[in-house]
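All chains are named by letter (A, B, ...) in the order of the sequence lines, taking the proteins before the strands, and each is independently numbered beginning at 1. Remember, predicted model here, so these are calculated numbers, not experimental data.
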Amino acid sequence: MNIQKTLIDWYIVNKRDLPWRNTTDPYSIWLSEIILQQTQVAQGLPYYTSFVSNYPTIFDLADADESDVLKLWQGLGYYSRARNLHTSAQYIATELNGVFPKTFSEIIKLKGVGDYTASAIASFCYNEKTAVIDGNVYRFLSRFYGIYTPITGGKGFKEFKAIAQNLIETVDPATFNQAIMEFGARQCKPKTPDCTVCPFSSDCVAFQKEEINCLPVKLKALKVKKKFFNYIVILSEDNTTIVEQRQGKGIWQNLYQFPLIETDTAANYETVLKAVKALNYVESETLELSLYNTTDIVHKLSHQHLYTKFWIVTVNGTLPEGVPFNKVPTFPVPILIGNFIENFNF
DNA sequence: AATTCGGGGTT
DNA sequence: AACCCAGAATT
């Protein structure tokens, strides 16, 4: 059968009308592809709209403060995408005079752009025949051809890239890449796909062998760590609190938070009280400590579960570095903090 | 090659 | 609870 034609015919009938499909402007396509990395369309769509509206051109994005970019990104996760997006915008605006690179090999040099994103931009904007390999493509190809090579290693990537690249050679690359991804996302779904209405069912190896649920093969077993976070929300006499920017390389880099005390196990009142006094923000004689949430808020991330307590510290006196309550919601924060701020209602 | 990086949706 | 998402950078 003609796989490419079948995919494209299916796509023409079933495709969603998405804003980045109505343009070939590389800035818009780039923006959408960064947002959609490891992110479902429904979740990314409002962020795309927001970014296009706030930063209509790459120069607007380049001129923005990083904190403003992170604020717009708040809640989407994988914040290095936002930082790299901003860095690359500044690079293109200043070093390349605002002209977006036009080939796969140039595009992939941008920070935050790997093989998938470079292939997407090069094909969608410049009609270059570079096949995209994402989770959808892995799933469809592994099932259709019955390929059990794990997709989690370099060997798997090379094998599937070669297959997809061979398929794209004879067709319109933009339409093909869109079609194969949309097919994987909407028809060849991870769980319980409706193979009775699939145009490939008679030729699909996995379907014929009843092994749809075995493919694609992934080897990684991710282990989830438990962490215990204690956020210290200080309330001063003149209605300010302490908000800090996260430093270092780990999670939520450059986002803001209340002073954090991390413990090895669930913290008790005495432990936190001692740690709060060591923070040096407040005179130890004047503070009052109370636990805000009686049961831990469990914030679940891919690799860690954060058992979180918010502690309220009221102090007599003022905070030299204090942030006025009404400014607290303007900082870019992880959604764990954002939910607290919304609930606490400073 | 293995690990890290978010948050939300689906089953 | 497990799995997945229009992956990339770091170790």
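- Rounded to an integer number of Å, the gap from CD1 of A:I212 to C1' of C:dC4 is 16 Å.
- Looking at the side chain of A:N84, the nearest of the listed nucleotides C:dA9, B:dG6, B:dT11 is C:dA9.
- Side-chain to base pairing of A:T39 with B:dG6: one donor and one acceptor N or O lie within less than 3.5 Å of each other.
- With hydrogens and angles left out, the side-chain atoms of A:N84 and A:T87 include no donor and acceptor closer than 3.5 Å.
- If you take atom P in C:dT11 and the same atom in B:dG6, they sit 15 Å apart, rounded to whole Å.
- In this structure, the nucleotide among C:dG7, B:dT3, C:dC5 sitting nearest to the side chain of A:K223 is B:dT3.
- Using a 4.0 Å heavy-atom distance criterion, A:Q74 is classed as making no nucleic acid contact.
- Using modelled atom types, one finds a donor on one side chain and an acceptor on the other under 3.5 Å when comparing A:T117 with A:Q37.
- Counting non-hydrogen atoms under 4.0 angstrom, A:S302 reaches a base of the nucleic acid.
- Side-chain atoms of A:R21 and base atoms of C:dA6 include a donor and an acceptor less than 3.5 Å apart.
- Among the atoms of the strands shown, base atoms are found under 4.0 Å from some heavy atom of A:L76.
- Applying the 4.0 Å criterion to OP1 and OP2 of C:dG7, one finds that A:Y138 has every side-chain N and O outside that range.
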Check against side chain to side chain contact (heavy atoms under 4.5 Å, CB included), A:F331 and A:V323:
CA-CA 10 Å; A:F331 288 82; A:V323 172; 3.6 Å; yes

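- Separating the OH atom of A:Y47 from the P atom of B:dG6 is a distance of 13 Å, rounded to the nearest angstrom.
- When heavy atoms are screened at a 4.0 angstrom cut-off, A:N177 is found touching no nucleic acid atom at all.
- Within the 4.0 angstrom heavy-atom criterion, base atoms lie near A:W20.
- Using a 4.0 Å heavy-atom cutoff across all strands shown, A:G184 reaches no nucleic acid atom at all.
- Atom OH in A:Y48 sits about 17 Å away from atom P in C:dA6, given to the nearest Å.
- At distances below 3.5 Å, at least one donor-acceptor pair connects side-chain atoms of A:T57 with backbone N or O atoms of A:D60.
- In this model, the phosphate group of B:dG7 is approached by a side-chain N or O of A:W252 to a distance below 4.0 Å at OP1 or OP2.
- Listed nucleotides C:dA6, C:dC5, B:dG6 differ in distance to A:R139; the shortest reach to its side chain belongs to C:dC5.
- Closest to the side chain of A:Q304, from the set B:dC5, C:dA9, C:dA6, is B:dC5.
- Comparing B:dG8, C:dA8, B:dT4 against the side chain of A:K225 picks out B:dT4 as the nearest.
- Within the structure, a side-chain polar atom (N or O) of A:H299 is placed less than 4.0 Å from OP1 or OP2 of B:dG7.
- At a threshold of 4.0 angstrom between heavy atoms, the contacts of A:K111 are confined to the sugar-phosphate backbone, with no base atom among them.
- As judged by a 4.0 angstrom heavy-atom cut-off over every strand, A:V113 is placed among residues touching the sugar-phosphate backbone only.
- A donor-acceptor contact shorter than 3.5 Å links the side chain of A:Q245 to the backbone of A:N254.
- Nucleotides B:dT10 and C:dA6 are separated by 12 Å at their P atoms, to the nearest Å.
- Considering only heavy atoms from C-beta on, A:I58 comes within 4.5 Å of A:W30 through its side chain.
- Within 4.0 Å (heavy atoms only), A:T152 reaches no atom of the nucleic acid at all.
- To the nearest angstrom, C1' of C:dA6 lies 6 Å from CD of A:E33.
- For the atom pair CZ (A:R139) and CG (A:L215), the distance works out to 11.5 Å, reported to the nearest 0.5 Å.
- Distance A:K300 NZ to C:dA2 P: 9 Å, rounded to the nearest Å.
- One finds a side-chain N or O of A:K218 lying less than 4.0 angstrom from the OP1 or OP2 phosphate oxygen of C:dC5.
- Rounded to whole Å, the distance from CZ on A:F140 to P on C:dC4 is 18 Å.
- Nucleic acid contact for A:G44: none, since no nucleic acid atom lies under 4.0 Å from a heavy atom of the residue.
- The only member of A:F344, A:F229, A:F340 that meets ring pair (Phe, Tyr, Trp, His ring centres under 6.0 Å) when paired with A:F310 is A:F340.
- Of the two residues contacting DNA chain B, namely A:K189 and A:K249, the nearest-nucleotide position lying further toward the 5' end is that of A:K249.
- Summarising the geometry, the separation between CD1 on A:I108 and C1' on C:dG7 is reported as 11 Å, rounded to the nearest angstrom.
- Residue whose closest nucleotide on DNA chain C sits further toward the 5' end, between A:Q40 and A:Q37: A:Q40.
- Residue A:L255 contributes atom CG, which lies 13 Å from atom P of B:dC5 at whole-angstrom precision.
- The listed nucleotides are C:dA8, B:dG7, C:dA6; the one nearest the side chain of A:D134 is C:dA6.
- Among the atoms of the strands shown, none is found under 4.0 Å from any heavy atom of A:Q253.
- In this structure, A:Q38 reaches the C:dG7 phosphate: one of its side-chain N or O atoms is under 4.0 Å from OP1 or OP2.
- Within the 4.0 Å cut-off from OP1 or OP2 of B:dG6, not a single side-chain nitrogen or oxygen of A:R81 is found.
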